[in-house]
S.K.: 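To start, I am sharing the structure in question, which I have written as structure tokens.
All figures in this text were calculated on a predicted structure; none of them were measured in a lab. Below, chains carry the letters A, B, ... as their sequence lines are ordered, and counting in each starts from 1.
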4 protein chains.
Amino acid sequence: MVLALKKTGSRRATQRISPRKSPHQARSRDTVDAILRATARILVKHGYEGTTTNRVAEVAGVSVGSLYQYFPGKEALVAALVERHQAEMLEALKPDPAMLGLPLDELVPRLCEAMLRAHAVNPALDSVLYEVAPRLGKPPTVLRDTGVALVKAILEIHGPKLRPLDPDLTAFMVVKTVEGLCHEATLSRPELLKDPRFLDEMSELLLRYVRPG
Amino acid sequence: MVLALKKTGSRRATQRISPRKSPHQARSRDTVDAILRATARILVKHGYEGTTTNRVAEVAGVSVGSLYQYFPGKEALVAALVERHQAEMLEALKPDPAMLGLPLDELVPRLCEAMLRAHAVNPALDSVLYEVAPRLGKPPTVLRDTGVALVKAILEIHGPKLRPLDPDLTAFMVVKTVEGLCHEATLSRPELLKDPRFLDEMSELLLRYVRPG
Amino acid sequence: MVLALKKTGSRRATQRISPRKSPHQARSRDTVDAILRATARILVKHGYEGTTTNRVAEVAGVSVGSLYQYFPGKEALVAALVERHQAEMLEALKPDPAMLGLPLDELVPRLCEAMLRAHAVNPALDSVLYEVAPRLGKPPTVLRDTGVALVKAILEIHGPKLRPLDPDLTAFMVVKTVEGLCHEATLSRPELLKDPRFLDEMSELLLRYVRPG
Amino acid sequence: MVLALKKTGSRRATQRISPRKSPHQARSRDTVDAILRATARILVKHGYEGTTTNRVAEVAGVSVGSLYQYFPGKEALVAALVERHQAEMLEALKPDPAMLGLPLDELVPRLCEAMLRAHAVNPALDSVLYEVAPRLGKPPTVLRDTGVALVKAILEIHGPKLRPLDPDLTAFMVVKTVEGLCHEATLSRPELLKDPRFLDEMSELLLRYVRPG
DNA sequence: TATGAATGAGACTTCATTCAT
DNA sequence: CATGAATGAAGTCTCATTCAT
């Protein structure tokens with residue numbers, strides 16, 4: 001007879017995702033920093049499964065204990081990295097307010113370029129995080145609701161000069177197209193991220209999509 | 001054939017990827033089938049880490065031993081599932097040769113629809129496999145070189161009626177755009193996969209991209 | 001800022017106590033047996049804290065994995081031992097039905113003797129289990145409700161020849177007195193368990209307690 | 001003074017038991033007090049294993065460092081609590097010298113009542129400490145040799161009015177019976193500690209045991 | 001003296017894989 | 001071929017204790 005146990009699914013069903021403490025003192029901040037940096041390196045090199053808390057701690061030059069002082073587990077660790085990485089990308093994407101006044105023909109390439117630049121910083125890390133994010137309950141994409149909202153706003157501003165379109169759906173299309181392309185390029189042809197022809201085509205794709213006619 | 005994979009940090013470093021034996025007899029085929037079906041279910045429910053060979057065997061109703069009779073290890077197991085799933089999708093996408101003669105305005109929607117239909121079959125499984133494939137050294141996307149080649153062919157056939165374009169790059173753009181959108185939709189708004197408006201927009205996006213003017 | 005986590009108290013708050021599988025085959029039964037035997041030895045020698053699953057497995061001559069195949073954790077392991085040990089003691093205490101017809105003056109010494117004999121088998125293990133049982137949610141004493149019920153029945157049978165008394169309370173007093181004395185003796189003067197004078201005094205104590213006058 | 005304890009399998013083998021410094025100043029006394037109070041609370045709530053020095057310090061509102069300023073380790077901490085608790089109980093039990101002159105029929109109930117009162121103060125703490133004491137090399141019972149000696153003295157004073165008995169063994173029986181009953185009641189029916197019927201029965205049990213006839 | 005970040009040995013536990021039956 | 005008990009390397013995580021500030 002086999003007593004069936006409640007299966008727990010993944011290794012730790014009740015894994016807390018949120019960090020444990022926020023680092024106050026400079027020492028702590030350094031520790032957390034080193035840990036996240038190490039996580040990124042290992043994640044890129046060994047993938048999620050190959051990323052172990054011990055290895056991270058070792059590479060970070062701290063003890064496992066310290067790691068667990070700030071992160072309740074592996075998931076939280078990676079989640080924090082995702083968070084941080086996305087924040088950095090968003091930072092890199094923050095649109096110059098002046099830019100928004102530009103005609104679409106100039107605005108779109110600029111935004112695309114920002115996007116590509118953001119992805120070109122660390123494509124390898126990008127890939128892994130993109131792959132890993134869903135498991136952490138995080139949407140993998142950088143441009144989330146904010147991005148869609150921004151695009152929708154732009155579409156509405158330029159509405160009169162565009163073909164008739166549903167701003168919500170179109171914004172979704174635009175954002176996801178860009179992100180999809182960036183991601184696909186990152187995965188299969190990272191050199192494209194810096195190739196001006198790729199930028200041109202992407203802009204062309206989007207502009208033609210919304211232009212009247 | 002036995003492939004040594006790069007050490008992944010997973011429990012067993014040396015891993016063979018190809019199935020151990022081909023299921024010649026009916027019973028074997030059933031067993032393999034049950035195992036892959038179980039793998040899919042568990043993968044969807046618990047993710048890659050939560051997928052254990054023992055659990056798979058249990059759900060499939062066979063012993064672990066039997067599982068290892070057909071698959072040399074966990075990776076091979078999942079790889080086989082990816083393989084099979086992508087084959088099924090490609091099957092669903094196989095273009096009716098007659099279709100290729102259609103004008104682009106009809107062809108593109110048809111292809112897009114096929115693509116969406118293929119993704120709509122089991123979006124959840126799709127997501128996981130997409131996430132898991134890179135770790136197995138497989139390209140995650142369904143449309144690989146074949147897809148790009150097909151599109152390039154189509155572009156060349158219809159060349160005269162299109163704006164001047166680089167068939168290689170454009171084929172890449174087109175394929176990746178479609179796949180990116182499908183994937184993004186699968187992940188964040190699976191209901192769109194069956195929404196005709198999504199299909200329309202996707203077609204519009206692509207057609208406008210290649211049409212002259 | 002310190003984010004307070006739900007404190008979990010002991011190391012594993014949700015520790016399952018019940019065994020995992022029941023051993024069918026002879027091989028399994030031997031394994032379980034060896035494990036419990038080893039647990040007893042280590043518990044006696046190193047106490048609860050010093051009892052680790054690894055050490056138990058090692059002493060039992062099996063792998064940790066096997067241990068965890070049958071017991072979900074340390075607590076369950078010890079709980080099973082408590083269970084088994086108490087069952088053995090109860091077995092040793094099972095009163096000869098004929099005995100119950102004896103006059104109290106003979107019955108009481110016999111029961112006491114059985115009790116002392118039961119405790120004398122492995123006083124050291126007794127002590128530890130007694131000490132450890134409460135933590136496992138088990139009542140530490142061997143004679144639980146059954147014992148009290150038995151004594152109550154005896155009291156009622158012999159009622160007319162006794163002083164007036166409340167059978168419930170008296171049964172509790174009697175049982176707990178005997179167990180208390182056995183336990184105290186086990187702890188501080190185990191040699192008394194085999195000393196006939198101790199048996200005599202215990203009988204005297206109880207008989208005087210219930211005799212009229 | 002530094003004592004090496006037998007290796008217990010706990011995290012740090014070498015452990016000192018005696019407090020590090022005596023709290024001379026008022027602030028120190030308060031700190032020590034807070035720490036012991038916290039220890040008691042946590043011990044009751046989480047058991048010995050769930051009692052961590054960090055948690056104790058936190059609850060006590062001091063830093064771990066401070067805790068270690070006053071106690072050389074976890075064992076010493078708990079040992080100090082046991083010590084203090086037993087001292088308090090002994091204090092509560094200190095017999096009024098006048099009382100010793102009373103006839104047994106009055107003396108015994110008074111002593112029993114004192115005993116019960118002492119146990120009723122904090123039965124929960126009592127239980128844990130009782131469980132924990134052996135591990136610290138302390139006898140778990142409150143009434144140790146002193147108690148037995150006291151009872152022996154009483155028995156000898158009242159000797160002529162009692163049945164013939166061995167004062168040593170009888171004193172042991174009496175003390176252990178009382179402690180056993182108190183402990184058993186604490187564990188399984190704490191409400192009895194305040195029930196006058198329990199007191200009556202306990203007195204009756206003891207008096208009948210020593211009275212002639 | 002107090003603080004609390006850091007340490008790291010070692011406990012617990014899992015699960016891919018093997019192999020005797 | 002199937003079975004499933006057994007294995008044990010390796011991962012996760014804790015917590016008693018120290019020590020720089």
Side-chain angles (χ1 to χ4, degrees), chain A residues 2 8 11-12 15 21 23-25 27-28 30-31 49 51-55 57 62-75, chain B residues 9-13 15 21 25 27-28 31 49-58 62-70 72-75 77, chain C residues 2 8 10-12 15 21 23-25 27-28 30-31 49-55 57 62-75, chain D residues 9-13 15 21 25 27-28 31 49-58 62-70 72-75 77:
Chain A
V2 173
T8 51
R11 204 170 289 217
R12 300 186 62 238
Q15 172 71 56
K21 301 188 191 177
H24 285 314
Q25 310 176 3
R27 185 158 56 133
S28 316
D30 291 353
T31 301
E49 325 249 31
T51 300
T52 72
T53 48
N54 283 298
R55 185 131 55 168
V62 303
S63 67
V64 229
S66 290
L67 189 158
Y68 278 93
Q69 194 127 56
Y70 296 104
F71 304 96
K74 184 181 167 179
E75 293 204 338
Chain B
S10 58
R11 220 162 276 232
R12 294 294 182 275
Q15 181 67 69
K21 61 169 73 170
Q25 303 155 20
R27 191 147 62 106
S28 306
T31 302
E49 307 227 76
T51 299
T52 73
T53 49
N54 283 291
R55 206 187 318 223
V56 167
E58 189 190 356
V62 302
S63 65
V64 229
S66 292
L67 189 156
Y68 277 88
Q69 202 104 55
Y70 294 104
K74 184 183 171 178
E75 294 206 337
L77 182 61
Chain C
V2 173
T8 52
S10 57
R11 203 169 290 217
R12 300 185 61 238
Q15 173 71 56
K21 301 188 191 177
H24 286 313
Q25 311 177 1
R27 187 158 56 133
S28 317
D30 290 353
T31 301
E49 325 250 29
T51 300
T52 73
T53 49
N54 284 295
R55 182 129 59 166
V62 303
S63 69
V64 231
S66 290
L67 188 158
Y68 278 91
Q69 195 126 53
Y70 297 103
F71 304 96
K74 184 180 166 179
E75 293 205 337
Chain D
S10 59
R11 219 162 278 230
R12 294 293 182 277
Q15 180 66 70
K21 62 168 73 167
Q25 303 155 19
R27 189 147 63 105
S28 307
T31 302
E49 306 227 77
T51 300
T52 72
T53 49
N54 283 291
R55 205 187 316 226
V56 167
E58 190 190 355
V62 303
S63 65
V64 228
S66 292
L67 188 156
Y68 277 88
Q69 201 105 56
Y70 294 106
K74 184 183 171 178
E75 295 206 335
L77 182 60

S.K.: Between P on dA5(E) and CG on Leu67(A), what's the gap in Å once rounded to a whole number?
M.R.: 15 Å

S.K.: Can you tell me how far apart NZ (Lys74(B)) and CG (Asn54(B)) are? Round to the nearest 0.5 Å.
M.R.: 11.0 Å

S.K.: For Glu58(B) and dA2(F), give me the distance from atom CD to atom P, rounded to whole Å.
M.R.: 18 Å

S.K.: Mapping Val62(A) and Gly65(B) to their closest nucleotides on DNA chain E, which lands nearer the 5' end?
M.R.: Val62(A)

S.K.: Between dA6(F), dC12(E), dA9(F), spot the one nearest the side chain of Ser63(C), thanks.
M.R.: dA6(F)

S.K.: State which of dA2(F), dC13(F), dT3(E) makes the closest approach to the side chain of Asn54(A).
M.R.: dC13(F)

S.K.: On the nucleotide dT14(F), are OP1 or OP2 found under 4.0 Å from the side-chain N or O atoms that Thr52(D) carries?
M.R.: no

S.K.: By nearest atom, which of the nucleotides dA6(E), dC12(E), dC1(F) is closest to the Gln69(A) side chain?
M.R.: dA6(E)

S.K.: Report the nucleotide, chosen from dA2(E), dA6(E), dC15(F), that has the shortest atom-to-atom distance to any side-chain atom of Ser66(A).
M.R.: dA6(E)

S.K.: Among the nucleotides dC13(F), dT14(E), dA6(E), which one has an atom lying closest to any side-chain atom of Tyr70(A)?
M.R.: dA6(E)

S.K.: Grab the CZ-P distance between Phe71(C) and dA11(E) for me, whole Å please.
M.R.: 20 Å

S.K.: Where do Glu75(A) and Glu49(B) land on the side-chain contact (heavy atoms from CB on, under 4.5 Å) test, with the steps shown first?
M.R.: CA-CA 12 Å; Glu75(A) 293 204 338; Glu49(B) 307 227 76; 5.8 Å; no

S.K.: Taking CD from Glu49(C) and C1' from dA16(F), how many angstroms apart are they, rounded to a whole number?
M.R.: 12 Å

S.K.: Do you know which two heavy atoms are closest between Ala57(A) and Leu67(A), and how far apart they sit?
M.R.: N-CD1, 4.1 Å

S.K.: Please tell me whether Ser28(B) and Thr31(B) have a donor and an acceptor in their side chains that are separated by less than 3.5 angstrom.
M.R.: no

S.K.: Can you list the stems that DNA chain E is part of, where a stem is at least 3 pairs in a row, each Watson-Crick or G-U, with both distances below 3.5 Å?
M.R.: E:2-21 with F:2-21

S.K.: Between Thr53(A) and Val64(C), just flag the one whose closest nucleotide in DNA chain F comes earlier from the 5' side.
M.R.: Val64(C)

S.K.: Does the pair Tyr68(D) and Thr53(D) meet the rule for a side-chain contact (heavy atoms from CB on, under 4.5 Å), with working shown?
M.R.: CA-CA 9 Å; Tyr68(D) 277 88; Thr53(D) 49; 3.5 Å; yes

S.K.: Can you see if the side chain of Tyr68(A) gets near the phosphate of dT14(F) - specifically, an N or O under 4.0 Å from OP1 or OP2?
M.R.: no

S.K.: Rounding to a whole Å, what distance do you find between Lys74(C):NZ and dC13(F):P?
M.R.: 19 Å

